[in-house]
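Each ligand, and each atom within it, is numbered from 1 in the order the structure gives.
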Amino acid sequence: ALPYDLAGRRVVISAGGTREALDPVRYLGNHSSGKQGYALARAAAQRGAQVTLVSGATSEPGEPAAVDIVHIDSAVQLEREMIEHARDADIVIMAAAVADFRPISVAGSKIKKGDDGPAPIRLDTNPDILAGLVRARSDGTLRRETVIVGFAAETGDADGGVLDHGRAKLRRKGCDLLVVNAVGDGKAFGTDDNTGWILTADGQETALPFGSKTLMASRILDEAASVVPHG
Ligand code: C5P
């Protein structure tokens with residue numbers, strides 16, 4: 001049986017990919033399937049948590065049971081919803097694949113082919129939502145006790161620097177836990193299985209067995225629940 005250790009806890013999870021509009025019909029996007037974030041939402045709800053899932057574009061066929069879902073398109077919308085819903089959260093998990101850049105402006109009507117060939121797309125940098133949540137916790141916008149979890153998708157293997165990149169990212173973002181996924185060569189993206197490591201801010205590193213995203217979700221929640229203050 002699943003532990004019911006998250007009863008009464010508030011868990012906020014982002015999942016899927018952002019879409020950054022170019023014009024009314026086009027966007028810049030990514031291949032995120034949303035599977036890991038949705039698996040986390042289902043697992044947290046089954047363990048008794050009150051879950052809000054902030055979802056971008058996914059290949060998920062439906063909405064998870066017993067979860068409040070908020071749909072977003074862009075990174076800017078995702079940031080607003082995360083800050084809003086994370087205010088009273090015990091655990092916040094950023095599993096979404098957030099676009100690093102967005103078009104500087106959204107054309108009001110469909111961009112035409114033009115006589116001079118393609119028009120350049122100018123980009124602005126999106127906010128780093130995860131780092132912003134960590135800052136919001138320091139300035140008192142979020143509760144001090146809120147556990148913040150990030151993801152890192154890195155190509156390569158343990159010897160090839162994946163873990164080094166993960167450690168550096170954990171420090172840079174300032175979150176409590178970082179789930180490091182090995183991606184590339186058909187690993188992780190869009191598949192049902194996953195593997196990697198969980199790194200903690202105090203230097204613990206746990207290898208995750210290769211397995212389903214459901215199994216991965218429960219291991220991530222075990223780790224997050226173990227650092228949530230009691231009471
Ligand atoms: O820097 P990188 O994109 O590798 O970091 C991945 C982690 O940061 C993920 O948890 C992702 O959800 C989050 N992220 C974010 N805002 C961004 C880019 C990534 O919150 N603009």
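Residue, atom and distance of the protein heavy atom nearest to atom 7 (C) of ligand 1 are Phe151 O, 2.9 Å. Among all non-hydrogen protein atoms, the one lying nearest atom 16 (N) of ligand 1 is Ile129 N, 3.0 Å. Of all protein heavy atoms, the one lying nearest to atom 20 (O) of ligand 1 is Leu130 N, 2.7 Å. Scanning the protein for heavy atoms near atom 10 (O) of ligand 1, the closest one is Met94 O, 2.7 Å. Here the protein heavy atom with the shortest distance to atom 21 (N) of ligand 1 is Pro127 O, 2.8 Å.
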Task: Tyr38 vs Val67, side-chain contact (heavy atoms from CB on, under 4.5 Å): CA-CA, chis, key distance, verdict - done: CA-CA 10 Å; Tyr38 275 56; Val67 164; over 6 Å; no

Open item on the list: Please determine whether salt bridge (charged side-chain N to carboxylate O under 4.0 Å, His left out) holds for the pair Arg172 and Asp128, giving the CA-CA distance in whole Å, both sets of side-chain angles, and the decisive distance to 0.1 Å.
Closed with: CA-CA 11 Å; Arg172 205 163 55 238; Asp128 187 321; over 6 Å; no

Open item on the list: Applying side-chain contact (heavy atoms from CB on, under 4.5 Å) to Leu170 and Arg167, what does each step give before you reach the verdict?
Closed with: CA-CA 5 Å; Leu170 178 67; Arg167 290 179 196 118; 5.7 Å; no

Task: side-chain contact (heavy atoms from CB on, under 4.5 Å) evaluation trace for Met216 with Val179 - done: CA-CA 10 Å; Met216 184 93 155; Val179 183; 3.8 Å; yes

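Using a 4.0 Å cut-off between charged side-chain N and carboxylate O, Asp222 and Arg47 make a salt bridge.
Between Gly150 and ligand 1, no pair of N/O atoms sits closer than 3.5 Å.
Put simply, the side chain of Val227 does not reach to within 4.5 Å of the side chain of Thr200, judged on heavy atoms. Side chains of Asp23 and Ser109 form no contact here, defined as non-hydrogen atoms less than 4.5 Å apart.
Residue-ligand proximity: Ala152 is placed with every non-hydrogen atom at 4.0 Å or more from ligand 1. At least one heavy atom of Lys173 sits less than 4.0 Å from an atom of ligand 1.
A donor-acceptor contact closer than 3.5 angstrom links the side chains of Glu20 and Thr18.
Within the set Lys169, His165, Arg172, the minimum heavy-atom distance to atom 4 (O) of ligand 1 is found for Lys169. Compare Leu178, Val98, Leu78 by their heavy atoms: the one nearest to atom 14 (N) of ligand 1 is in Val98.
Each of the atoms 11 (C), 12 (O) of ligand 1 lies under 4.0 Å from some heavy atom of Ala96. Interface of Asp128 with ligand 1, defined as ligand atoms under 4.0 Å from a residue heavy atom, comprises 15 (C), 16 (N), 17 (C), 20 (O), 21 (N).
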